[in-house]
Enquirer: 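Supplied in structure tokens, the structure appears directly below.
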There are 2 protein chains.
Amino acid sequence: MTRVRNGHDAHGAGVTRAQRAVLAALAAEGPFVSAQDLHAQLRGAGEGVGLTSVYRALQALADAGEVDVLRTPSGEATYRRCGSDRHHHHLVCTSCGTAVEVEAPALERWVRQVAATHEFAVDSHTLEISGRCRTCARD
Amino acid sequence: MTRVRNGHDAHGAGVTRAQRAVLAALAAEGPFVSAQDLHAQLRGAGEGVGLTSVYRALQALADAGEVDVLRTPSGEATYRRCGSDRHHHHLVCTSCGTAVEVEAPALERWVRQVAATHEFAVDSHTLEISGRCRTCARD
DNA sequence: ACAGCAATGAAAACCGTTTTCAATCGAACG
DNA sequence: CGTTCGATTGAAAACGGTTTTCATTGCTGT
Ligand SMILES: [Zn+2]
Ligand SMILES: [Zn+2]
Ligand SMILES: [Zn+2]
Ligand SMILES: [Zn+2]
């Protein structure tokens, strides 16, 4: 009777080889990285993982809530393994890419309230703040 | 001595033919629309405007702050002519596309404050709420 | 060993957007 | 008018990120 068959399983963290590789690479990362960056990084590290598999792994992990997805202003998707499992937002440095996770109950409350005011049933919301972190604040 | 030469001029609204066409089409629109949708719409209405020009016009108008840009979750850029000139956010209906503009001084203050707490110099921020408007709230 | 199915990845297809470039338009000047 | 010259236009090609296709490979249970 089926054991740890690939595809789904014990709360779904890193089941396939590609997923494990991606998770490992993300673990060491601070900033949000794109699929292509990840692929290049894995290639460089000897890990033979095809670009297609990187995309597939990231998609699966994102669906499973294991990684956070963030769209760059140019529309490119970037990924990160965040510390918190709970809903949160980000403060990202446009220079070094570092991201700070921030939880804001007051904001969440506000969102629900303004939606209610306009009689909207909220599906989701996004809030991202971008700027320069202290160390990158040269200029 | 040079008169209304194209390229720049009286507070920059709709100088080129393409820009005028785009602005006219957007004026009649409630929801955010993509460049391609706009192009199709203009084509359908007999307005002969090339797709390239639609992209260029939208870019110019967005740069001039005449239209708001919103990225769909899939990364596609959508545009809308908003009522307010001031900084604001949106509440968008995932079904009919209608958007409500919302100004939130308290939120803006909060953003600046949380950034300060983490010693970030804020460049920009985005906040979008998506859900179902009242009329679309069928199920 | 064998059958069956999921995982893999190279190559091709996709899709929104940008670039290229030759044709066209239109104001300015003689 | 006719010419000039920069701005505008748009078809076609290039681009860049992502998804699909499909043949191969690797496991798992029999
Ligand atoms: Zn930084
Ligand atoms: Zn939130
Ligand atoms: Zn609606
Ligand atoms: Zn704001």
Enquirer: Using atom CG of L42(A) as one end and atom C1' of dT8(C) as the other, report the distance to the nearest whole Å.
Expert: 14 Å

Enquirer: Of all the choices, dT19(C), dT8(C), dG16(C), which nucleotide is nearest to the side chain of E76(B) once you look at every atom?
Expert: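 Comparing dT19(C), dT8(C), dG16(C) against the side chain of E76(B), the answer is dG16(C).
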
Enquirer: Of all the choices, dT18(C), dT8(C), dA11(C), which nucleotide is nearest to the side chain of Q59(B) once you look at every atom?
Expert: dT18(C)

Enquirer: Rounded to the Å, how far apart are D37(B) CG and dT17(C) C1'?
Expert: 15 Å

Enquirer: Assign G48(A) to base, sugar-phosphate, or nothing according to its heavy-atom contacts below 4.0 angstrom with the strands shown.
Expert: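 The answer is sugar-phosphate, as G48(A) gets under 4.0 Å only of primed atoms, P, OP1 or OP2.
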
Enquirer: Could you tell me how far apart R71(B) (CZ) and dT18(D) (P) are, to the nearest whole angstrom?
Expert: 12 Å

Enquirer: Among the candidates dT17(C), dT20(C), dA10(C), find the nucleotide nearest to the side-chain atoms of R56(B).
Expert: dT20(C)

Enquirer: Please confirm whether the ring centroid of F32(A) lies under 6.0 Å from the ring centroid of H90(A).
Expert: yes

Enquirer: As an exercise, state the distance from OG of S124(A) to NE2 of H87(A), rounded to the nearest 0.5 Å.
Expert: 9.5 Å

Enquirer: Report the distance from atom NE2 of H39(A) to atom P of dT8(C), rounded to the nearest whole Å.
Expert: 13 Å

Enquirer: Of the nucleotides dT21(D), dT17(C), dA11(D), which has the atom closest to the T52(B) side chain?
Expert: dA11(D)

Enquirer: If I take atom CG in residue D63(A) and atom P in nucleotide dT19(D), what distance separates them, rounded to the nearest angstrom?
Expert: 11 Å

Enquirer: What's the closest nucleotide to the S53(A) side chain, out of dG9(C), dT17(C), dT18(D)?
Expert: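 The closest nucleotide is dG9(C).
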
Enquirer: Just the rounded figure in Å: distance from C1' of dA7(D) to CZ of R20(B).
Expert: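 One finds 13 Å between C1' of dA7(D) and CZ of R20(B), rounded.
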
Enquirer: Which nucleotide, dT9(D), dA11(D), dT18(D), lies nearest any side-chain atom of L51(A)?
Expert: dT18(D)

Enquirer: Nearest 0.5 Å, please: how far is CG in L107(A) from CG in L127(B)?
Expert: 6.5 Å

Enquirer: Using the closest heavy atom to pick a nucleotide of DNA chain D for each, name whichever of Q36(A) or R43(B) lands nearer the 5' end.
Expert: R43(B)

Enquirer: CG of L70(A) versus P of dG17(D): gap in Å, rounded?
Expert: 16 Å

Enquirer: Looking at R81(A) and E66(A), is there a salt bridge between them, counting it only when a charged N and a carboxylate O are closer than 4.0 Å?
Expert: yes

Enquirer: Do H125(B) and H89(A) have their ring centres less than 6.0 Å from each other?
Expert: no

Enquirer: When you get a sec, tell me which of dG17(D), dG9(C), dG16(C) is the closest nucleotide to the side chain of Y55(A)?
Expert: dG17(D)

Enquirer: Taking CD from Q19(B) and P from dG10(D), how many angstroms apart are they, rounded to a whole number?
Expert: 13 Å

Enquirer: Return yes if the base of dG26(D) and the side-chain atoms of R17(A) contain a donor-acceptor N/O pair under 3.5 Å, otherwise no.
Expert: no

